[in-house]
Amino acid sequence: METCPKVKNILLLDSEGKRVAVKYYSDDWPTLSAKLAFEKSVFAKTQKANAGTEAEIVMFDGQIVVYKFIQDLHFFVTGGEEDNELILASVLQGFSDAIDLLLRNIVDKRTALENLDLILLCLDEIVDGGIVLETEGSVIAEKVSSAHGMDGATSLAEQTLVQALTTAREHLAKSLLM
Amino acid sequence: MAQPLVVKKDDDLDEEEYYSPFLGIEKGAVLQEARCFHDPQLDARRCCQVITKLLYLLNQGDTFTKVEATEVFFATTKLFQSKDAGLRRMVYLMIKELSPSADEVIIVTSSLMKDMNSKTDMYRANAIRVLCRIIDSTLLTQIERYLKQAIVDKNPVVASAALVSGIYLLQTSPEVVKRWSNEVQEAVQSRSALVQFHALALLHQIRQNDRLAVSKLVTSLTRGSVRSPLAQCLLIRYTSQVIRESGVSQGGDRPFFDFLESCLRNKAEMVILEAARAITELNGVTSRELTPAITVLQLFLSSSKPVLRFAAVRTLNKVASTHPLAVTNCNIDMESLISDQNRSIATLAITTLLKTGNESSVDRLMKQMTNFMSDIADEFKIVVVEAIRSLCLKFPLKYRSLMNFLSNILREEGGFEYKKAIVDSIIILIRDIPDAKESGLFHLCEFIEDCEFTYLSTQILHFLGNEGPKTSDPSKYIRYIYNRVILENATVRASAVSTLAKFGALVDSLKPRIFVLLRRCLFDGDDEVRDRATLYLKLLGGEATVGETEKDVNDFLFGALDIPLVNLETSLRNYEPSEAPFDISSVPKETKSQPIAEKKATGKKATGPSAVSGPIPSVDASYEKLLSSIPEFADFGKLFKSSAPVELTEAETEYSVNVVKHIYDGHVVVVHVDASEADEFLEVMSKPLRSLPCDAPGQTFVAFEKPEGVPATGKFSNTLRFIVKEVDPSTGEAEDDGVDDEYQLEDLEIVSADYMLKVGVSNFRNAWESMDPESERVDEYGLGVRESLAEAVSAVISILGMQPCEGTDVVPSNSRSHTCLLSGVFIGNVKVLVRLSFGISAPKEVAMKLAVRSDDPEISDKIHEIVANG
């Protein structure tokens with residue numbers, strides 16, 4: 001038995017099972033395709049569950065996955081079969097609480113992508129090399145935002161507008177060409 | 001060309017994607033953007049965005065080429081000039097993600113070391129984590145001093161960063177990290193919960209190979225200075241490790257058990273769970289020790305949190321396998337979990353109930369199950385079916401309701417694996433519970449009327465052929481079987497023909513009608529079906545073949561092929577078309593710890609349900625070929641058995657010699673040996689090796705004559721005698737004169753097990769009963785004090801060299817008695833079955849009762865002799 005509780009991965013997927021942000025800490029899935037296959041089967045097995053209020057749990061292929069859905073975001077934390085599922089659940093709780101604070105209660109895919117930098121920093125502050133760093137959501141959020149001054153949060157959104165206009169123009173041009 | 005592009009754009013622009021700031025992002029373009037890192041006036045916000053985009057690409061699975069990664073890395077290092085804290089964080093992240101090579105690391109080391117000594121705690125902590133991820137051991141010694149300081153830093157984030165980095169570094173530079181013990185020990189006393197956790201994890205990993213130190217650590221910490229829940233969990237794990245290693249002191253209290261029990265009253269649920277689980281997993285746990293743990297788990301069962309319910313039911317499910325009585329108190333809570341929304345929890349609850357249930361609760365349970373089965377996935381259903389099977393074997397009287405349940409679910413929708421699990425279960429029940437036979441066969445017949453899986457149909461038809469004729473009214477099955485001949489594909493039709501023939505052979509009253517049906521099959525469109533029909537008509541009619549008696553017919557139809565299929569396949573491949581027909585008795589019979597696939601010679605896919613046949617490398621075939629190619633050995637007859645290679649030299653010595661013992665009826669051939677001293681063996685010839693080039697293996701053979709059919713045993717002492725000759729390196733030719741030399745080798749023993757072939761039987765009970773009871777020899781033996789029951793069992797198995805059947809070589813831990821079934825073929829082709837009953841007393845004295853049946857009573861005695869001498 002592994003003597004130290006280890007987190008194997010943390011996944012943040014959208015409502016179609018596509019990646020928003022993922023972080024793997026173990027080498028159970030050495031290749032990109034192995035990772036994607038795992039994400040696909042996790043998503044398929046949990047899709048129908050009602051994991052809005054309380055964290056849910058599923059065990060398959062020797063892995064334990066605790067998960068939670070908020071809006072169109074699916075949060076997953078994976079650990080080994082022998083591990084303490086409550087520790088994994090506390091990591092999941094810390095992760096989703098921190099995201100909730102960082103995104104100022106607007107937890108959906110769009111906001112998450114616009115603030116991807118915060119989410120990546122958040123993943124970095126929760127677990128290091130599989131070892132739990134912090135499980136308290138407010139502490140995690142504070143560590144992320146203290147550096148960031150929270151002003152970075154709007155920056156990508158601004159850019160989005162410009163970019164959206166550009167692509168819209170491109171699209172128009174393309175359709176005219178046809 | 002333009003069209004697909006536009007279509008793709010449209011897809012991207014659906015509502016979901018429209019808002020994404022990363023829409024249409026492309027690696028090349030982002031790498032271009034990264035040039036802004038070189039600007040003399042850095043725009044921190046813009047740089048942050050670019051890094052985020054780069055990280056997004058990596059996160060989506062994009063990869064950078066070596067050149068690209070290097071370029072990005074160098075550009076990123078420029079960003080240390082900026083004072084912007086947010087940007088600095090992203091830079092740290094980027095460097096970790098790029099995992100730069102050793103020569104690149106040097107460039108950032110000084111910047112990171114500066115940050116490591118910064119006044120800002122956040123910089124310190126992160127710089128430590130980044131640096132420790134990327135440096136090698138030489139650089140590590142340079143920063144070791146700072147890391148030691150950081151471990152005892154006032155700021156918990158900094159201390160944790162250093163400790164976690166220490167855990168990581170322990171894998172690459174253990175000798176450095178081990179020097180930090182004092183600081184780490186100080187950190188264990190930290191007031192911060194997480195620092196305590198990280199320090200304890202690191203301290204244990206530093207000391208994990210030193211049992212005494214771990215035991216001391218546990219002793220001092222269990223007195224109560226650890227408060228953090230995570231650290232408590234660690235401590236519980238270390239404690240149970242110490243308990244495991246210290247062994248149980250007979251009768252007395254287990255050390256540290258009080259600590260585990262006190263953790264059951266902890267505030268944190270994760271600690272309670274960890275402690276409860278540790279208690280249930282203790283070696284030889286008593287029911288008194290279990291009770292408090294079961295009580296807390298029972299409370300968890302009714303929690304509102306799915307994770308907690310799951311954790312509890314999973315643990316109890318495990319306990320139920322070894323201590324079903326301890327879990328029965330939770331049965332009411334378990335039953336309410338059957339309707340749990342989370343199907344993993346519901347399945348675990350059901351299977352736990354099936355393990356703990358008593359005879360009276362079976363019917364009620366079955367009623368609840370019927371609703372349950374309809375809404376769970378196949379993988380869960382299989383688990384349930386397996387649990388029901390073992391329940392039925394436990395309570396044979398309840399077969400009626402359980403069989404009904406199985407037949408009901410057999411009729412419902414389901415995939416192949418699920419249906420196969422059900423069919424296998426029914427077949428096992430029919431075999432083991434005689435009363436269940438008629439109803440079970442009837443359910444199977446119903447099933448093949450509408451079965452989409454060829455494999456299952458043929459399996460059932462095969463089984464029906466063996467069991468159906470022995471029932472009270474065999475004729476009622478004929479309709480089901482003949483329907484298959486009319487309605488199914490060729491494989492199933494061929495199977496059905498074989499089954500009809502079996503009925504014809506055993507039930508005389510049906511014979512004429514079977515003949516009519518078989519004759520119709522002669523017009524089948526498929527070769528195999530016609531061939532089988534023709535063959536069986538001749539067999540049963542006794543028309544052509546001379547000397548076919550009824551016994552031969554039955555042997556042919558029902559006899560199991562006692563040859564591993566893999567071996568048969570190899571032999572058939574080696575057979576070259578010639579005048580001499582293929583002789584099936586020339587196929588080696590040895591299996592490698594695998595039950596023989598029961599299969600009729602002409603049957604297609606008609607393997608027995610419990611037979612597992614995996615491809616095994618057949619060493620024997622190649623030995624046989626080798627030996628038969630040596631003219632001197634040609635008249636020894638058929639090779640009976642070849643042993644696994646035995647090492648005669650220590651590993652890594654100058655000369656490495658190993659021996660393979662080949663046993664013939666009247667001879668023993670030893671490959672690779674030189675001299676001998678043993679009474680019963682008469683050396684008849686040896687085949688010395690002419691030359692043995694350096695580093696290349698060579699083979700030498702010695703043959704001994706021994707009394708025909710008798711398992712002579714003895715010891716050979718061996719010496720390697722040889723002449724060393726120098727080889728001229730330029731010509732590669734050996735010089736004429738050499739030096740005589742000798743090399744002492746270890747002795748080689750020929751033991752009784754060498755005369756035993758591991759040959760499994762698929763159904764031990766049937767095989768046992770078919771043997772002559774007159775040949776049975778029973779005796780009891782005291783085996784003295786043994787380490788454990790399992791050790792005694794495996795020792796006896798290896799002395800006899802026989803094949804354990806039905807998985808009885810595995811002894812469940814904590815059991816006080818065990819029955820082991822063995823089968824084998826002794827030299828002279830004598831079939832031997834052995835039933836061993838073991839018992840172990842408190843002071844670990846093992847007694848054994850040995851019952852042997854064999855084709856030859858003398859061999860039965862011989863087996864006893866072997867055990868008595870062993």
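In the text below, chain A, chain B and the rest are named by the order of the sequence lines, each starting its count at 1. In this text, all values refer to a predicted model and were calculated from it rather than measured experimentally.
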Of the backbone (N, CA, C, O) and the side chain (C-beta and beyond), which part of [X] lies under 4.5 Å from a heavy atom of chain A, both, or neither?
{"X": "B/Ala201", "answer": "side chain"}
{"X": "B/Arg277", "answer": "side chain"}
{"X": "B/Asn126", "answer": "side chain"}
{"X": "B/Arg133", "answer": "side chain"}
{"X": "B/Arg314", "answer": "side chain"}
{"X": "B/Tyr168", "answer": "neither"}
{"X": "B/Glu97", "answer": "side chain"}
{"X": "B/Phe197", "answer": "side chain"}
{"X": "B/Tyr123", "answer": "neither"}
{"X": "B/Thr120", "answer": "neither"}

- For A/Phe60, is the NZ or CZ atom of A/Lys45 found under 6.0 angstrom from the centre of its six-membered ring and inside 45 degrees of the ring axis? yes
- Task: Flag this pair as yes if the NZ/CZ of B/Arg129 is under 6.0 angstrom from the six-membered ring centre of B/Tyr92 and inside a 45 degree cone about the axis; otherwise no.
- Result: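 No cation-pi geometry.
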Select, from [options], the one with the greatest count of heavy-atom pairs under 4.5 Å involving chain A.
{"options": "B/Val307, B/Leu194, B/Leu308", "answer": "B/Val307"}
{"options": "B/Leu273, B/Leu55, B/Thr63, B/Leu234", "answer": "B/Leu273"}
{"options": "B/His204, B/Gln60, B/Arg46", "answer": "B/Gln60"}
{"options": "B/Ser304, B/Pro229, B/Ala311, B/Ala125", "answer": "B/Ala311"}
{"options": "B/Ile345, B/Asn59, B/Leu200", "answer": "B/Asn59"}

- Query: Between A/Asp124 and B/Lys96, is there a side-chain N and carboxylate O pair less than 4.0 Å apart?
  - Reply: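 Salt bridge: yes.
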- Message: Under the criterion side-chain hydrogen bond (donor to acceptor under 3.5 Å, both in side chains), I'd like the reasoning laid out for B/Thr351 against B/Asn317: C-alpha separation, chi angles, the key distance, then a yes or no.
- Response: CA-CA 7 Å; B/Thr351 47; B/Asn317 187 300; 2.9 Å; yes
Taking atom [atom1] as the centre, does [X] end up with more than 12 heavy-atom neighbours from other residues, nucleotides or ligands that are less than 6.0 angstrom away?
{"X": "B/Gln341", "atom1": "CD", "result": "no"}
{"X": "A/Lys23", "atom1": "NZ", "result": "no"}
{"X": "A/Lys35", "atom1": "NZ", "result": "yes"}

- Query: Does the A/Asp72 side chain pair with the main chain of A/Lys109, one donor and one acceptor, at a distance under 3.5 Å?
  - Reply: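 Here the side-chain-to-backbone pair exists.
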- Query: Would you say the side chain of A/Phe75 lies within less than 4.5 Å of the side chain of A/Tyr67, judging by non-hydrogen atoms?
  - Reply: no
- Task: State, with a plain yes or no, whether a side-chain heavy atom of A/Phe76 is found less than 4.5 Å away from one of A/Ile10.
- Result: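 With C-beta onward as the side chain, the pair stays apart.
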- Message: I'd like to verify something: which residue of A/Val139, A/Leu32, A/Asn84 has the highest number of heavy-atom pairs under 4.5 Å with chain B?
- Response: A/Asn84
- Tell me, for A/Ile131 versus chain B, whether the close heavy atoms (under 4.5 Å) come from the side chain, the backbone, both or neither.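 Contact with chain B: side chain only.
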- Task: Measure up the A/Tyr24 and A/Trp29 rings against each other and bin them: parallel (under 30°), tilted (30 to 60°), perpendicular (over 60°).
- Result: perpendicular
